[in-house]
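Inspection log for the structure reproduced underneath, given as structure tokens.
Note on naming: letters A, B, ... go to the chains in the order of the sequence lines (proteins, then strands), and numbering restarts at 1 for each one. If you're wondering where the values come from, they're calculated on a predicted model, not measured in any experiment.
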Amino acid sequence: MLLSPFKVKGHSMEPKFKDGSFLIASSIPFMFAKPKPGDIILFDSEGKSILKKIVGIEDGKYHVSGENKLDDKKFSPIDRSEILGKVIIKM
Amino acid sequence: MKLSSILNLLPVKTAYAHCDIPCGIYDPHPAQMAAHTVIRMTQLISEQNYEDNIESKRLFASQIARLTRVKEEHGHLVEDELGTLENDYFKDEHFQKFPNLKDLLAKGVKLSIATRQNIDMKSAEELLETTMQIAEIFFKTKGVTPLRVKSVYPTGGEIVTHK
């Protein structure tokens, strides 16, 4: 994913990313630097692109979470290979 | 024109920001009930009349506004409920096993919009039928046998439950 527009579906990243808003994500930033806590990323889960924030790294696995803690689906830590890209533009 | 307005017209991909804790409690019943409500509101809107005096016309306008609001809300509810099933419950294996599932979910959303845009009983009935077909698939994925029973609503028609 060099540069791709996405439409957000769901509320777990509010207020930063509202349901129905748009963003542009890219894999290019992670060619030059490793993903780090605070990065908003898209990762693959069962063929779907999931929008989350990296909140920690442990044993090479990335812990991800939503911004809206009251309305967030929990995911197990993910591998680097599952990360599709970083959100670079929020609209 | 804003960039987001332009993007709305393009086939952009979806970034899922899942919105529930994984409670595992999913049910196609609310979508069917909301579809019945859309039918009922469409029926009631079509039955409204007014006489040639200002009071009657005011009452007519008020009733149409109230019925339309409820039709809008329940059309939205169908869309939301189908979205929850699509995004949070149905998995790739379900879409592979039931190849028409994706089309049914998309059709349900389109029909829910059509029923809001118009006073359209055909679309409302088709919306209910679509939610029932999705409910049948849902129950099959749960390993139970779906069953169409007569609804107890004033709309008549059926609703899908399971044995």
| Excluding sequence neighbours, so at least two apart, what forms salt bridge (Lys or Arg N to Asp or Glu O under 4.0 Å) with A:K90? |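 By the salt bridge (Lys or Arg N to Asp or Glu O under 4.0 Å) rule, A:K90 matches no residue at all.
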| message | Are there over 12 heavy-atom neighbours, none belonging to B:E47, within less than 6.0 Å of that residue's CD? | response |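 Enclosed: over 12 neighbouring heavy atoms sit under 6.0 Å from CD of B:E47.
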| request: Test A:S49 against B:K13 for side chain to side chain contact (heavy atoms under 4.5 Å, CB included), laying out the working first. | output: CA-CA 8 Å; A:S49 302; B:K13 289 181 265 188; 5.7 Å; no
| request: Look up atom OH in B:Y16 and atom CZ in A:F6, then write down how far apart they are to the nearest 0.5 Å. | output: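 Atom-to-atom, B:Y16:OH and A:F6:CZ are 10.5 Å apart.
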| From NZ (A:K48) to OG1 (B:T14), nearest 0.5 Å |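 Going from NZ on A:K48 over to OG1 on B:T14, the span is 9.5 Å.
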| Hydrophobic cluster identity match, B:L128 and B:L67, side-chain contacts under 4.5 Å |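 No, it is not one cluster - the side chains of B:L128 and B:L67 are not joined through contacts under 4.5 Å.
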| task | Sort A:I50 into side chain, backbone, both or neither according to what part of it lies under 4.5 angstrom from a heavy atom of chain B. | result |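 Contact with chain B is through both the backbone and side chain of A:I50.
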| message | Using the ring pair (Phe, Tyr, Trp, His ring centres under 6.0 Å) criterion, which residues pair with B:F138? Sequence neighbours excluded. | response |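 B:F138 satisfies ring pair (Phe, Tyr, Trp, His ring centres under 6.0 Å) with B:Y89 once adjacent residues are dropped.
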